[in-house]
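Structure first, then comments.
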Amino acid sequence: MPTTEFCLECGAPLVEGFNCWEQLGALIAWEYNDPALHAQHFLIVASYNLQHPAQFTDMAIEQLRSAFNDYLDHGVSAATLRQRAAKTYAGATRVLRPEAERRPQLQQWAMTIADVYLPEQPAGAVERLLRWASVIQANQAVAQA
Ligand SMILES: [Zn+2]
């Protein structure tokens with residue numbers, strides 16, 4: 001992957017030389033010191049993946065979107081969602097699209113991982129994460145309207 005100033009899919013800027021994938025890794029690393037953030041691991045990964053749909057099959061994205069909504073709207077636990085996903089993918093169902101078929105399309109978002117991972121500012125990460133997730137959810141509502 002060439003290094004660009006902005007992610008070609010979610011539009012997140014480089015933050016101190018970290019691309020959006022590396023910012024995700026840095027945010028997840030904060031979970032070790034922040035149990036409240038760790039409790040939202042599902043939401044971190046789901047939010048990131050929903051802003052990077054090109055690597056997934058349509059069905060996988062559909063499943064992820066419904067899990068994300070069940071988690072936010074109905075309080076379905078990450079453990080239950082994991083079991084459900086395990087059942088769905090028990091067969092040979094493909095989750096990832098072959099690399100040659102991926103067509104990332106840039107979408108502009110009010111928030112990206114770069115608004116959640118603020119270097120040296122782990123305080124408030126959970127609140128930023130929840131705002132990020134609600135931006136993604138609001139965007140789906142618009143897309144479906
Ligand atoms: Zn990105």
Side-chain angles (χ1 to χ4, degrees), residues 1-82 84-86 88-89 93-145:
M1 284 282 267
T3 303
T4 52
E5 208 67 20
F6 293 89
C7 171
L8 298 176
E9 191 164 17
C10 76
L14 287 180
V15 172
E16 296 188 338
F18 281 18
N19 66 26
C20 72
W21 173 250
E22 293 162 334
Q23 292 169 43
L24 173 69
L27 181 66
I28 287 173
W30 283 352
E31 289 182 22
Y32 292 103
N33 296 314
D34 187 345
L37 188 65
H38 183 64
Q40 302 290 349
H41 180 79
F42 168 81
L43 199 58
I44 295 174
V45 175
S47 298
Y48 183 86
N49 286 341
L50 286 172
Q51 289 194 333
H52 298 84
Q55 62 189 309
F56 299 104
T57 61
D58 290 345
M59 186 196 153
I61 276 294
E62 220 32 67
Q63 294 279 347
L64 178 62
R65 201 166 275 145
S66 94
F68 176 80
N69 288 329
D70 281 349
Y71 182 87
L72 287 175
D73 295 340
H74 307 296
V76 178
S77 75
T80 301
L81 295 170
R82 250 196 314 274
R84 196 198 286 174
T88 307
Y89 298 118
T93 314
R94 231 170 43 181
V95 176
L96 291 177
R97 212 180 266 285
E99 237 163 290
E101 291 176 17
R102 298 177 191 175
R103 301 277 179 276
Q105 281 185 315
L106 180 63
Q107 186 175 348
Q108 298 292 347
W109 297 90
M111 280 182 84
T112 65
I113 184 77
D115 298 295
V116 181
Y117 172 69
L118 304 180
E120 314 296 328
Q121 292 180 58
V126 172
E127 288 74 16
R128 296 193 297 270
L129 167 66
L130 294 176
R131 258 187 288 137
W132 184 33
S134 70
V135 161
I136 294 166
Q137 215 182 14
N139 185 277
Q140 301 177 67
V142 170
Q144 282 161 11

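Remember, it's 1-based here, ligands and their atoms both numbered in the order they're listed. Any value given below was found using the heavy atoms of this structure, including those in side chains, with hydrogens, waters and symmetry copies removed.
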So how far is it from C20 SG to L8 CG, rounded to the nearest 0.5 Å? 9.5 Å

Compile the donor-acceptor pairs under 3.5 Å between side chains in residues 99-119 and protein atoms, sequence neighbours left out, one pair per line.
| residue | atom | partner | partner atom | Å |
| --- | --- | --- | --- | --- |
| R102 | NE | R97 | O | 2.8 |
| R102 | NH2 | R97 | O | 2.9 |
| R103 | NH1 | A100 | O | 2.9 |
| Q107 | NE2 | N139 | OD1 | 3.3 |
| T112 | OG1 | A114 | N | 3.2 |
| D115 | OD2 | T112 | N | 2.8 |

Sequence neighbours excluded, the answer for side chain to side chain contact (heavy atoms under 4.5 Å, CB included) partners of H41 is I28, E31, V45

Provide the protein N, O or S atoms situated under 2.8 Å from the Zn ion (ligand 1); waters are not included. C7 SG, C10 SG, C20 SG, H52 NE2

Closest approach of A133 and F68, non-hydrogen atoms and distance? O-CZ, 3.5 Å

Partner set under side-chain hydrogen bond (donor to acceptor under 3.5 Å, both in side chains) for R84, not counting sequence neighbours: D70

Taking atom types as modelled, is there a side-chain donor on Q23 or Y48 under 3.5 Å from an acceptor on the other? no

